[in-house]
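Take a look at the structure set out below.
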Amino acid sequence: MSAPVFERPVAAPAPAPTRSPGAPPAAAPSAAAAAAPSAAAGPGAVRRVRPGLALAVIAGCNAMIQLDDPLMNIALPGIRADLGLSALAASWVIGAYLLAFGGLLLLGGRAGDILGRRRVFTAGVAVFTAAAALRALAPGGELLIAVRAVEGAGAAFAAANGFVLMLATFAEGPARKRAIAVCTAVGAAATAGGLLLAGALTSAGSWRWVLLLNVPVGLAVMFLAPRVIAETQRVKGRFDLAGSVLSALAAAGLVYGLSQAAERPWNDPLVAGPLVAGVGLLAVFVAVQRRTAQPIVRLGLFRDRDRALAFASMLVLPGALIGAYFFLSQFFQQDSGWSPLAAAFGLLPIPLTMAAAAGLAVRVERAIGPKRVMAVGAVALAVENLWLSYLGPQDSYLTAVLPSLVLLGAGMACCAVPATVLATSGLRPEELGSAGSVLNALQAVGGSLCIALLVTASSGHADFAGAMSAGFTAGAAFATAGLLLSLCFRSRP
């Protein structure tokens, strides 16, 4: 499930960009073939597809994964105090999850191809849920970090297959696009409501209760998935062991190096070393994929110009959103004296507007085409970031902040839906898993890249106002890059 992971939290009690579902890829006959239960699926395969319930289960999983990192960031101060974690150990509580998630997405997609997507999806949710329960009981930092890595692995396998299951459940056309809009809206609304609940629990109780919020959702998804989601046909083949190892190490190096760049200079060994290693391993990975008969990533995906441009947009679009969560959550609490719960309320217009605008973006995209919708969204994001770059302590929330947050939510919905449509359209059934995994992996790396560059842009200022202004100016630059990419798409109805 390609969740614009456009929400990547950093160290603030507010929602963070992660991941919005994509749009129709394969042609209707291919989708039908992918959705058909196969004999290899075993006795557990459902006899009748239930699209509405299947969508609810997949959307619930998407929301659960999107909400997890913000929950950890809300709970992190209490975790540090109770478990006595150093700043380095606290960073690994977040980093261990990101490394496992980013590194195993491609393997998760390939596993779904060979073993059956519903089976791998359910197993990923089971691992994620068990780890989410265990982390709330962790007596020390070492176990907590290890459990977070296991949790990230479960999320990778669930996310890589949930998105394709949604595509396989709904035939290409209006029905599938409505399903995408629903999934996007549920993820955004769940993030908003979950953060408010987490903020209230943090204020009234223990951080351990906050970390248990995802467990009931995970249990429900595990129970319902085998009953309402059809198993997909398995693709005959074998695992690309070399590609799996290389892709995991390359993604982990890039994500770790970029996460360290948010706090260290770029020439620091802990930044430059992993980044150089990640780029080198990525080059080796591409060379290996060219010679492998059954690669973990089909490089032919990048031959289509629109798809390649859509993939590229996933690297830059998070930068137009992350700054709002990162800087405004600090602005509300440090400059305006708001509580964490009040700051979460202040940021609610972003996910709520995204939820409301998702369906509208789908309808408008059908009318005028993805290129124009994405261009309008990118312009809205650029204007909103420039607007917030002039924000000061004397400005009113209702007149200076609220309109920009509404514009931000609507702009992200208009960008995320068309980009994912173009990234996943016109694919054969055996290509769906690879495309979905690449989409998720690029979002994970893009989120790390964008926050690192935003922090770098703001680090040269002694006062927070100057740093925030520079950060939002950089966010406008990311939005402008998204606009340029959208203008290069082919015009299509």
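As a basis for the values below, the full set of heavy atoms in this structure was taken, side chains included, without hydrogen atoms, waters or symmetry mates.
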Between atom CG of L107 and atom OG of S437, what is the distance when rounded to the nearest 0.5 Å?
9.0 Å

Out of the candidates Y325, F464, W338, only one should pair with F332 under the ring-ring contact (aromatic ring centres under 6.0 Å, His included) rule; please name it.
W338

Of all heavy-atom pairs linking A310 and L422, the shortest is CB-CB, 4.0 Å

Which class fits the ring pair Y97 and F128: parallel under 30°, tilted 30 to 60°, perpendicular over 60°?
perpendicular

Any sub-3.5 Å donor-acceptor pair from S247's side-chain atoms to S244's backbone N or O?
yes

Salt bridge (charged side-chain N to carboxylate O under 4.0 Å, His left out) filter on E151, not counting sequence neighbours, yields R135, R148

Could I get the full list of salt bridge (charged side-chain N to carboxylate O under 4.0 Å, His left out) partners for D268, not counting sequence neighbours?
R264

Using the salt bridge (charged side-chain N to carboxylate O under 4.0 Å, His left out) rule, collect all pairs that involve residues 102-111, keeping only residues at least two apart or in two chains.
R110-D113

Drop me the distance from F478's CZ to L321's CG, to the nearest 0.5 angstrom.
12.0 Å

Check for a donor-acceptor pair, side chain of N161 on one end and backbone N or O of F157 on the other, with a separation under 3.5 Å.
yes

OG1 of T473 to CG of N385, rounded to nearest 0.5 Å, is 8.5 Å

Here the gap from S404 atom OG to L386 atom CG, rounded to the nearest 0.5 Å, amounts to 11.5 Å

Euclidean distance, E365 CD relative to C414 SG, rounded to 0.5 Å
10.5 Å

Which value, rounded to the nearest 0.5 Å, describes the distance between L484 atom CG and L309 atom CG?
11.0 Å

Run the ring-ring contact (aromatic ring centres under 6.0 Å, His included) test on Y256 and W92 for me, step by step, so that the C-alpha distance in whole Å, both residues' side-chain angles and the decisive distance to 0.1 Å come before the verdict.
CA-CA 10 Å; Y256 178 77; W92 272 106; 5.3 Å; yes

So does F302 have more than 12 non-hydrogen atoms from other groups sitting under 6.0 Å from CZ?
yes

Hey, does the side chain of D306 reach the backbone of R490 with a donor-acceptor pair shorter than 3.5 angstrom?
yes

